[in-house]
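Inspection log for the structure reproduced underneath, given as structure tokens.
In what follows, every chain begins at residue 1, and chains take the letters A, B, ... in the order their sequences are listed.
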There are 2 protein chains.
Amino acid sequence: MTAGPAAVSASGQEDTRTRLLATALRLFTEHGVEGTSLQMIADALGVTKAAVYYHFKTKDEITGAVAEPGLRELDLVVAEASRLRRRGAQVDHLLTGFVDIVVRHRTLVALFSRDPGVTRALTDSWATRENFSVRMMEIFTGPEGDTNRAIAAHAAITGIALTGGAPQFADLDDDTLRAHLLDVGRRLLGRPRRVS
Amino acid sequence: MTAGPAAVSASGQEDTRTRLLATALRLFTEHGVEGTSLQMIADALGVTKAAVYYHFKTKDEITGAVAEPGLRELDLVVAEASRLRRRGAQVDHLLTGFVDIVVRHRTLVALFSRDPGVTRALTDSWATRENFSVRMMEIFTGPEGDTNRAIAAHAAITGIALTGGAPQFADLDDDTLRAHLLDVGRRLLGRPRRVS
DNA sequence: GTCTATAGTCTGATAGAC
DNA sequence: GTCTATCAGACTATAGAC
């Protein structure tokens, strides 16, 4: 008996929950959080609305559960970067970590980079998307508060997130996408680039 | 009697319509198109829902009217760029034109760069946001179909649009914002940069 | 664990008075 | 040109059977 993630006693439950979250993410990406109803999620899963409510008490809870893994990883990477001594190392660590999260989650980071519905749903449970944005901007921009750097950093974050989640690049394998997104970040943040 | 735009015989009407569109844009930016109800628009204007319906038959019509001026200008700039002979000139014209539109409309371009509700509302009347994205990508990326260039171009478009519409840069005057956004575009598209 | 049935609210939209 | 009043339908969410 190989223990699955968080080894559930009864089988199937964790699977339905996972399928539900994957379906919700897909629909959220396609129609936006506010544009996606519980009915749409239920229909796509082939179950009823009430079945969805068995797994999650509210729609906001679904939104939170969809966003959680990405936000958790992002939180970790930002914290790690903050602890580094040299600023160049901070920027490099945050950039590579951020790009890696974008690539592995694809549409998810793009979703909460742009959807007001996600922010609204998470204002209580998480410290808001804006908080991540601010902390990342501080590291990328540096203490000087230079406007040009701030705008470049903002463009890097949004550009990487939305491009990594764009459907037209969905076919690219992780390594290829990661390399190109890193290149985007290095250009905008003024970091040394590898051979392209 | 100085003729206003499209000189309306009765006064006041054009003004209410303009106020309505400005209010709608603000709310759309804040809550997303699907997250904004006609009730919210009416309340913000201090009128009733029925008063809103006097000016526009449907919500989609409001969305279309909000997006129209930006899309019209974008369409023009893309067409102008296409007619140029040298590829470098095409890229430069499209970049400066795009940045200029972003700066003058601020939140608007960010809105239809990211909100699925806008795309859905305009699938009939306009040839869809995707069409603009494709045409811009063709010019920015070039005929070779290089993946690195395509990703850089996509990041440039989304990064410029979302950064230009970001609330944290709303205080910057047009010239400053334009210069920095141009810099972002030139870095990503590999165009020569002026002195920073 | 998934269902039916339904409550209660809000939506976009219409008709018609002023 | 803006209002009141109202519509049918969709929404989130709940209660309780199986």
Side-chain angles (χ1 to χ4, degrees), chain A residues 4 6-24 27-28 30-66 115-118 120-125, chain B residues 4 6-24 27-28 30-67 115-125:
Chain A
V8 185
S9 52
S11 65
Q13 179 182 352
E14 197 69 18
D15 207 43
T16 304
R17 199 190 138 99
T18 306
R19 272 179 60 228
L20 200 160
L21 291 179
T23 303
L27 291 171
F28 285 169
E30 215 166 319
H31 309 104
V33 172
E34 306 273 7
T36 304
S37 68
L38 294 180
Q39 188 70 68
M40 292 165 74
I41 298 175
D43 288 349
L45 275 170
V47 301
T48 62
K49 251 195 309 184
V52 172
Y53 270 105
Y54 172 78
H55 294 279
F56 299 95
K57 273 203 289 290
T58 65
K59 188 186 175 183
D60 283 358
E61 206 176 281
I62 298 178
T63 311
V66 166
D115 199 317
V118 178
R120 210 221 62 246
L122 305 186
T123 24
D124 292 335
S125 49
Chain B
V8 185
S9 52
S11 66
Q13 178 181 354
E14 198 68 17
D15 207 46
T16 304
R17 197 190 139 100
T18 306
R19 272 179 60 228
L20 200 159
L21 291 179
T23 304
L27 291 171
F28 286 169
E30 217 167 319
H31 308 104
V33 173
E34 306 273 6
T36 304
S37 68
L38 294 178
Q39 189 69 67
M40 292 165 72
I41 297 175
D43 288 349
L45 275 170
V47 301
T48 62
K49 247 193 318 180
V52 173
Y53 270 106
Y54 171 77
H55 294 279
F56 298 94
K57 273 202 291 289
T58 65
K59 188 185 174 184
D60 282 358
E61 205 175 282
I62 298 178
T63 310
V66 166
D115 200 316
V118 178
T119 316
R120 210 221 62 247
L122 306 186
T123 25
D124 291 337
S125 49

Thr36(B) side-chain N/O to Leu27(B) backbone N/O, donor-acceptor pair under 3.5 Å: yes

Candidate nucleotides dT11(C), dA15(D), dA13(D), ranked by approach to the side chain of Gln39(B) - the nearest: dT11(C)

What is the distance, to the nearest angstrom, from the CG atom on Leu27(B) to the P atom on dG12(C)? 12 Å

Quick one: does Arg120(B)'s side chain have a donor or acceptor within less than 3.5 Å of a partner on His31(A)'s backbone? no

Grab the CZ-P distance between Arg17(A) and dG1(C) for me, whole Å please. 13 Å

Answer yes or no: is there a donor N or O on one side and an acceptor on the other, between the side chain of Lys59(A) and the main chain of Ala121(A), under 3.5 Å? no

Answer yes or no: does a side-chain N or O of Thr16(A) lie under 4.0 Å from OP1 or OP2 of dT2(C)? yes

Can a side chain N or O of Thr48(A) be found less than 4.0 Å away from OP1 or OP2 on dT2(C)? no

Considering every strand and a 4.0 Å limit on heavy-atom distances, what is the contact class for Ser37(A): base, sugar-phosphate, or nothing? sugar-phosphate

Do any side-chain nitrogens or oxygens of Tyr54(A) fall under 4.0 Å of OP1 or OP2 in dT2(C)? no

In whole Å, what is the span from the CZ atom of Arg19(B) to the P atom of dG1(D)? 15 Å

Please tell me which of the listed nucleotides, dA13(C), dA15(D), dC11(D), lies nearest to the side chain of Lys59(B)? dA13(C)

Which atom names give the shortest non-hydrogen contact between Gly117(B) and Asp115(B), and what distance separates them? N-OD1, 2.8 Å

